[in-house]
Each structure stands twice: as structure tokens, then as C-alpha cells.
Amino acid sequence: MADEMFDVCVIGTGAGGGVMIDQLTAAGLRVVALERGPYLETSEFDDDELRNVVRDQVFSRDQLETFRQDGGAKAEVGHYSQIAHCVGGTLTHWAAWSWRFREDEFKVLSTEGSVAGASLADWPFGYDELAPFYERAEWDFGVSGDATGNPFAAPRGKGFPNPPHPQRPGSVRFAEGAKGVGYQPFPVPMAINSKPYAGRPSCMNGGACRSYGCPVHAKGTTYSVSLPRARRTGKLDLRADAMVFEVPVDDAGRAIGARYFDSSGATHEVRARQVVLSGGTMGTPHLLLMSKSSSFADGLANGSGLVGKNLTFHHHPSVVGVFEDDMRGYTGVEAGMAFDDLHPSDPKRGFIRGGVVAETNTFTHQPLAFASTLGEYNKPQAWGADLKSWIREFPRASTYAGICEELPIEACAVDLDPDVKDRFGLPVRRITKHQHENDLAMFDWYEEKLVAVAEAAGATRVLRGSQGPLTISKDISQSGNAHNHGTCRMGTDPAKSVVDGYGRSHEVPNLWIVDGSTMPTNGGYNPTLTILATAYRSADHFVSEARKGNL
Amino acid sequence: VSHRDLSRRRFLKQTGLYGGGLLLAWQLPRPLTAEAAAASTEPVSLSALEWANLDAIVARIIPSDAEPGAREAGCVNFIDKALDNEDAAALPLYRAGLAGVEAAGRDLGEGGFARADSEAQDKLLGALQAGTAPGWSKEAGDSAFFFETVRQHTIAGFLADPSYGGNRDMVGWKVAGYPGPRHRRGGYSNDQVVGKASIISAWGEEL
């Protein structure tokens, strides 16, 4: 039974959807927002490692997907993507690293030329056009940082709203090591309050951000920033536990709203004049491919055949250094210091593109992940005295990792698994993913540089990522990541892209995609601030077109 | 692709970036183990013999030395409760594997595996991990996968929150030098982050 006609239906409440909901309700539009996951209270945001990280019982209880490395192979059921199904989306449990992409990261094809086996593309806009929206994202989400710290960053106007966070000994040692080999370290910009800001408190340095919710709202999220603001307008109807399975169309080929299951399995339909799809790089193509109709037999808005294609992650060259003193990796924000000297692309290195390098407590902030995963670095599947001595290294270990750009490959994709169904009987998403040889060359080259930094920092022992869980090779691709991009790429040519530079479908005029799926290439930085900025830019355009009567 | 690469790939796929433990049964509702562990430290999943053999295995995976190991941490109790709750899907794997250990233990003297000396125990466990245990029956399952599952669960029982029935008196955190979770304890001051101030652990020790 359809109820009232909304101005806009937004599907998903993460970085893309949350910003759209906020900006569109602020402009007076009446919005219904559909989120597949539950609304979690801050009282559920504990830092129980078993529940949050190992069992992933808080944020993605219902996640089910399959993975295969190559097309033609049978995909295996598992729990691969590090994404959250809850009000606020993956932003709710993000670590909050917040970068602006470099200028050339919007122009990869024209910078590098075409590369065999890769589907490089330019973005339909450049850094200059996105810069004002980066600034809005930084000031809404309270990014902390040093505006002059990174000599390799794109030019910026205003500084950051918050100063850098305090640096734990592990971050300080990393910076010393980086300087020792001639690099220029600076604090990682983080969307976490380092002082009380915008009605939200300062970070309590609890050490558990990534994979956890922030119980005090110090972390910049749509859960803590955008959605509360949108609610106060009175223009938002937010429906949690609403699993959208179809975006139906009318005879004219326009989207008419969304059909969803509630938690009991009952179906509902909402109607809206405009539909914004923000299900993320995994969820958005999944929904489009499920939305088949006589007008769109291959899935909605898929005339290009590119829905789901060109999936990229980042790859992460890394080392773990073991030091003589306590590095206090269990305190503070996830990433401390970084250097960007290796980021600029240089084909003479044997590969193109690059990425930033930072000290991060991804593994070293919680003992269970440390012991069960990093045992691999030490001795594969260690036990006995070896395992116990490794557990004792916990406070003295420090991780250095690259956030390295992957080249897009058209065959790397999200589609519908032909065999596996979820609890609603819907086909689950299937991930097909392998690495370009450029990724492998970059991974190996970076690892050598990271070993040198760790040695210069005074590590008594350096364990290589190629021996650990993040390794990649011709035969071992990553099966899941927290950084997912590219499955509905934007562009100016309808034959080579799914949406235009504002996220508007080339084919369905009242359908918009606003999330990481529209990113044609993935940059050498964590993607979220770029997704947020892109969403602000889409929202501005949306409101302006609405006011002109063009929607 | 070698056998090691294959098993390694399987392991990597299961762990992903999060590491550890995403082996089984993550889809069940939450949080059950903690309540079960709070209710009882008696076996609810395992027989007395299975409990004794598993306790002997975990005691070799994280041995006691000058400091407590998995036995003192109560890892067997942690696993017993998990097998009745979130990790119920692993119970058949445990039943089969522990039956295999029991059978193999008959060659190790009167008390079987649980009473054998640590050298003999380690020899058998090493063979389980390598998939080369002599006489290991088909019914006992994939010994390497069984061992890896026990290894992961032992680490979890040693280092997860004590409310799940292991990490008794926070002995795992003491060994690791981890002061305990802080979200509900006010976090850390800036001086503690930078190392200018000491940290008081969850058990009251200055670190």
C-alpha cells in the first residue's frame, strides 16, 4: 500500500545518503530515507572486541555475500566487505581519516594515458570544482589537522576546524623514522574532534574507532552530524530496518520510489518524485541489478552495461615494527602521523600512481586481532611459546601502512550471485576481484620503503606485510576491504559511465547515485572525505535544479 | 599453487582485514555467550572427556610459564559456551576432532592425550596442524582445520572480555600488557596518549 508522495526518497544513510538527507531537508524538501540496518543507540557502542570486530555482530549482522577471484569460478560464501548496515551506514564505524585527493587523482587517464588491462578514466570534474565542498565537509564533520603539514597536498584555502590530535609514542617514532630517511611527516587529518566543536565533545582517546561506534559523538559521522540536523527540520521520515529490493519505474521509464521489506518480511512501497541511491559501492549496484523491468531488462540505469563493473579497493603495503618501549597503540585515534613523499606518480619506479603512508593502530589497538592475525607475520599460525611471546609484544608493536591506489579493471565487479539467497530470498551480491600487475609492483616497492622507515624508527624487529593478512599476489587478491569504489562510475559519456558528474543517471532522469560507487578511480587516500564532498556538490546541484523546476 | 598456499588463501579469506575468528556462525543473534558464561562454568556443550582433552590442547596452544596460560584463563570454558551459542556451527567439528584426539591419545599411555607429557602432546598437535597425524580417521575430519579453529578460539578465549567465560581475572590482558577497553572507563587523557602520564589498567596496575 503506497502512502504519501515524498519529494525525495533516499536509499541509504551513510556518507552519500546522509549528506543528501541533510542538505535536501535543509532546503525544505520532504524526504523519506530508507536504511536496511537498525538504528543503534550509543549505549550499544561499546568496545568489546569479540562482539564488534571478530564476530561483527553490531554493524553487519545480516551481511551475506560471495567472493571469487576470477569470472568463471564458483564464488564462496563469506563475510568480506567491511561495511556497516545501520543508520549512519559505514561512516558509523569508520576510523575517520579525512583527506582531499590530489589534483591529478581526478585526471588519471589524461595524466597516465591508457594502460593495458586497466579501465582508467578521468572524473567529470576537477579538484578546483570540488575544493569548496571539501571545505564544507571538513567544517561540518570537524576535521582535525595541520593545514600546512603536507607539502604534497592539493592547495587549500581555509585551515582545519580542529588542531591535530595528541601523538602517541608509536606515531612519534614513525615520524622520526620517516624524517630519518628524508620524508616529511605530518599529522593525519581525522574527522574526530580534538577539542569540543559544533556541539560535540572532544575525543576521549579511547583507541577504538575503526569497527566501533563512538559513544560520545566525537567522531564525525552522519549518525552524529547530518541525521540529527535533518530530523530537526521536521522534513525527514527515517525508516530503519527497511531493506529495499527494487526501484520500480513507470511506463515513461522514470523511477517512482522504492519497494522494501521491513524486519518482519512484510513488503512496503514508498513513492517519491526523485530517488537518490546511496547504498554504497556494494549495495547500489546490487539494487540496480535487482531492479529489472521490461524497460530495463539488464537492471535499472544499466544501458552502458557498466553497473557493478570497475570495482576497486585500495591495497595496503604494510610492516609491523616491534620496539623496545610501549608504543601505546591502544590509545588515541587510529592514524597518527603520515608522509606523502612517495605519493606522486612516477613511471620510472616500475608502476604508476601511489599512495600515502601512515602509522596506524589498525591491528595494534586491540589484542585479539593482534594475536590472531599478526601471528601470521611472526610465524604462520603460531602456537605454544611462539604465540605467547608474540602476545607479549602487543604494547611494543606499531603498524605502518600505505593507502595505495588500485587500477580499475572492468571485469572486477559486483553482480547477483546465481545460487545464494538471503533471508528474504533475494540473490546476494557476488564480488569478483583480482589485482592488476601495477598493484603488485607497487605493493612490493612500497614494502621495501616501509621496512627502511621502521628500521630508521628504531624497530628491533620488522615484520613484512607480504607475510601477513593484507598481502596480494597474482593468486591472492583481497576479497574485501573497507574502501570500496567504482561500481557505478560517473562520466560525461553515457556509453562509458552510469551517471553524470552530479550523480544523475544518464538514462533515468529522476534517479541519482550519491556514494562511493560513482568514483571512476580511487586515489591514494582513504576515500570518505571525497565521497562526502561529492555528496555536498550533488546536493547543491540537486537543490538548484529543483528551484529552477528542472527535476 | 601449493597446499600451503591454498590453506593460506582460505585462511586469509576468512579473516580479511579484521583478522581472526570470522570462521563460523557469525550470523546468529547476539550476545549469547556472555550470558551463558555468566550462568555456569560447568560444561554445557562438551562431555567431561572432551572437556579434559580440549583443556589439554588449549594449554599447549598458549602454555603456562612464569605467567598463566590458556588453562588458567579458562579458555576451555569460553569455547564450551561459544559452542552452545554463536559458534554452535562448529560443534560437529569439535566433536569429530576431539574424538580423533581421544583415539590418537590411546597410544600415549593410560591417561590418554590429557595425561600425556607435553612433548608427546606437542608432537600430536604439530601433526594435526600439518595434516600428518598417523592413523587420523576420515570421521575425525580435516585435522588442520580443526586445529586452526581451536587455535583461533583459544586466542579469543585468552584475550576477549572476561564476561565470555575466558580471560579469567584478565590474565590474558595482563600477559599482553593491554590495560583493557576504555569506552566505558573514560578513555585516556592527552598526557596518557603521549606517554607523559602512566596508565592504570582495568585490574588496578600502573602501566
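Below, chains carry the letters A, B, ... as their sequence lines are ordered, and counting in each starts from 1.
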Most chain A-contacting option - heavy-atom pairs closer than 4.5 Å, from B:G186, B:P179, B:G195, B:A160: B:P179

Side-chain (A:S144) to main-chain (A:M190) donor-acceptor, under 3.5 angstrom: yes

Partner chain A: residue of B:W173, B:F147, B:F158 with the largest heavy-atom pair count (under 4.5 Å): B:F147

Chain B contact via A:L387 - side chain, backbone, both or neither, heavy atoms under 4.5 Å: side chain

Any residue of residues 116-128 of chain B which, by heavy atoms, sits under 4.5 Å from chain A: B:D122, B:L125, B:G126

B:Y94 and B:D87 side chains, donor-acceptor separation under 3.5 Å: no

Main-chain N/O of A:S81 paired to A:E65 side chain as donor or acceptor, under 3.5 Å: yes

Contact leader toward chain A among B:P63, B:S163, B:G172, B:G177, where contacts are heavy-atom pairs under 4.5 Å: B:P63

Shortest non-hydrogen separation from B:L159 to B:A176 and the atoms involved: CD2-CB, 4.1 Å

Any donor-acceptor N or O pair under 3.5 Å, side chains B:N190, A:N205: yes

Partner chain A: residue of B:I62, B:D191, B:D161, B:I155 with the largest heavy-atom pair count (under 4.5 Å): B:I155

Contact listing (chain B partner; residues 323-331 of chain A; heavy atom under 4.5 Å): A:R328, A:Y330, A:T331

Any donor-acceptor pair under 3.5 Å from A:R173 side chain to A:R168 backbone: no

Whether A:F370 and A:F394 hold their rings parallel, tilted or perpendicular, with breakpoints at 30° and 60°: perpendicular

Those residues of residues 198-207 of chain B, ordered by number, that approach chain A below 4.5 Å (heavy atom to heavy atom): B:S198, B:I199, B:L207

Any residue of residues 66-77 of chain B which, by heavy atoms, sits under 4.5 Å from chain A: B:E67, B:P68, B:G69

Side chains of A:Q366 and A:Y212, donor plus acceptor under 3.5 Å: yes

Flag side-chain contact, heavy atom, 4.5 Å: A:H165 against A:P187: no

Test item: side-chain donor near acceptor, A:E359 and A:S171, under 3.5 Å: yes

Engaged part of B:T154 at the chain A interface, taking heavy atoms whose separation is under 4.5 Å: neither

Atom group of A:T42 that falls short of 4.5 Å from chain B, counting heavy atoms: backbone

